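Down below is the structure, laid out as structure tokens.
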Amino acid sequence: MFSGPRQRGLRLLTHAEWCGVPSEADIISTVEFNYSGDLLATGDKGGRVVIFQREQESKSRPHSRGEYNVYSTFQSHEPEFDYLKSLEIEEKINKIRWLPQQNAAHFLLSTNDKTIKLWKISERDKRAEGYNLKDEDGRLRDPFRITALRVPILKPMDLMVEASPRRIFANAHTYHINSISVNSDHETYLSADDLRINLWHLEITDRSFNIVDIKPANMEELTEVITAAEFHPHQCNVFVYSSSKGTIRLCDMRSSALCDRHSKFFEEPEDPSSRSFFSEIISSISDVKFSHSGRYMMTRDYLSVKVWDLNMESRPVETHQVHEYLRSKLCSLYENDCIFDKFECCWNGSDSAIMTGSYNNFFRMFDRNTRRDVTLEASRENSKPRASLKPRKVCTGGKRKKDEISVDSLDFNKKILHTAWHPMENIIAVAATNNLYIFQDKIN
Amino acid sequence: MFARGLKRKCVDQEEDGEDALAGFGTVPSYSLQRQSLLDMSLVKLQLCHMLVEPNLCRSVLIANTVRQIQEEMTRDGMGRGAAPQSTGRAPLDRLVSTEILCRTVRGPEAGCPVPDLGDSPLQGTPPELCIVNSAEVPRSPQSSLWEMDSPRENRGSFQKSLDQIFETLEHKSPSSMEELFSDMDSSYYDLDTVLTGMMTGAKPGLCDGLESFAAAAPAPGSSCKSDLAELDHVVEILVET
């Protein structure tokens, strides 16, 4: 993927566009592969969930390249109105997290600002025929007319994928939920809002435990909020949460019921030479993700991605610049609110590479071993099915070379906030506003 | 994306100023930029308060920025004789659309006479003003921002302050503005439309928004004595005098 002009490259596997009457509802707000990578769930601003499934590559269908096709679509959340506060509750899906698969059905958690729902997605490909008490239309038969008994027979039918809400976890968050994370025990999960983190049991909807509360007694003293939280992938008692001041706290639930005192505190000392009025804003962490190994975690702030060793709190072990050329434009980005955009980041399956989005439909990938990085563009014009993506370059000053794009020409409305990486293969999903692109790294 | 109104004259002034860190040349440039940033932040805070569901993270970050600017202004105000501590400060991120700066800064002579205030009867007051300002200001926007539990009662306190802010924008005449704000309940929804309309109009560049904002300053910003007058104005707005 990072090597030069060989036949290898990222090729478009699937392109899906949310369309209809152009509306804000079609903006994709979250993307997540399941544990096997066969399913990809997306949530949008209109409260819908669309799940894609990977087609099996098989000899009987040689033309299939393992594309992802729509598997199921359902309305997860509806807009609500909080009458007490006279505030609208958006139906936008903030996060989706899959549960590990335990039987034929698939389960996922989806959340908007206030309510988390557990959805069961199951397949039905058989139908029973020959009921005794009702006829084929479903109408009840007159019992006196029944003269013989028969055993219903299961007959194949066209595959139907059904989604049904199994649990609704509501009324536990005063502020907006920004994260949910399933625990490695597969029984509990956490949900985090701006000021609090709650622990839930998947079976119990009427209560949750508050494990972090940073709300000050006097709200006027509020200077810091929680921006993201995640459970450790293997240690079910450990989780981390990041803040708007660029700090990460690691907490151990065994130490106390209310994890107000962290076990570890990660913060990089500020570089005094680059201090400006925007320093705090750009240090605010928009996403935190553990590596699959559980040894590292990655944080995304406005201009960079940092990899931290959990054993070293003083500073990150790696810092990757995403779009350093924006540092001189911070004032304009503050003015148009782009400086508050929350970019996510993700690891590949082996933790050897990381990916995050940028503006102008660009996304960046960093190879941790070779220290190489690449900028690619996710757009219709640049994604011909068999051609591989060409690396892009932003020109920061002076002469602009051919094929480079200057900073002032970047489209800041085209932001890639959500990306996901297949847990095992080199397949990535990139959400660009109302478009989903799935690319695969293939040797020709 | 960026306003191209940057006049070369202004750039030269800025570039000259940055070399002489302790000179008067930098002071108006930096102060005005800082003031513009403060004004912009306050408008952002006010507006995001009026939206249906304020994004708490964004509000906190903006409020912290406001506090930082005010703290620095206080420090600068206190150490009037001293050179601005720009050596410790990073080169301030430039405001790209600086038409307003080009208009108000009349060359190197219009350096900020802050130290000269020693002659005026206001000698004792500026530091107090600064202190009052930094003490008062965080309370008003924040208390109404964070208390999502009771947005309604706090909205009232902003009625008049918004009046003053939006009076300066050219999109609505003041009289219709009063009518718009007179009935609080139903005006809330009107406000949304008004704000949307205004924001759309005011959005193209820092220039336009700040132009009118600065025009409303009681002491027409010719000299940097307006720095303190601007603070005054800010205090007025937020404390609803």
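What you see is a predicted model; the values in this text were computed from it and never measured. Chain letters run A, B, ... following the sequence lines, proteins first and then strands; every chain starts at 1.
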Name the region of [X], side chain, backbone, both or neither, that has any atom closer than 4.5 Å to a heavy atom of chain B.
X	result
A:Thr227	side chain
A:Glu224	backbone
A:Ser244	both
A:Leu195	side chain

(request) Evaluate the criterion side chain to side chain contact (heavy atoms under 4.5 Å, CB included) for residue pair A:Phe278 and B:Leu37; output intermediate values, then yes/no. (result) CA-CA 10 Å; A:Phe278 304 109; B:Leu37 189 61; 3.6 Å; yes
(request) Could you go through the side chain to side chain contact (heavy atoms under 4.5 Å, CB included) check for B:Met40 and A:Cys331 one step at a time? (result) CA-CA 10 Å; B:Met40 184 184 7; A:Cys331 192; 4.2 Å; yes
Can you tell me how far the [atom1] atom of [X] sits from the [atom2] atom of [Y], to the nearest 0.5 Å?
X	Y	atom1	atom2	answer
B:Asn55	A:Asp194	CG	CG	7.0 Å
B:Gln68	A:Arg275	CD	CZ	4.5 Å
B:Arg58	A:Asp341	CZ	CG	11.0 Å
A:Ile281	B:Cys57	CD1	SG	9.5 Å

(message) Is it the case that over 12 heavy atoms from other parts of the model lie below 6.0 angstrom from the NZ atom of A:Lys414?
(response) no
(message) For A:Asn171, I'd like to know if atom CG has over 12 heavy atoms of other residues, nucleotides or ligands within 6.0 Å.
(response) no
(request) For the residue pair B:Leu61 and A:Tyr334, establish whether any side-chain heavy-atom pair is separated by less than 4.5 Å. (result) no
(message) Looking at every non-hydrogen atom in both residues, tell me the closest pair between A:Tyr175 and B:Leu56 and how far apart they are.
(response) CD2-CD2, 3.9 Å
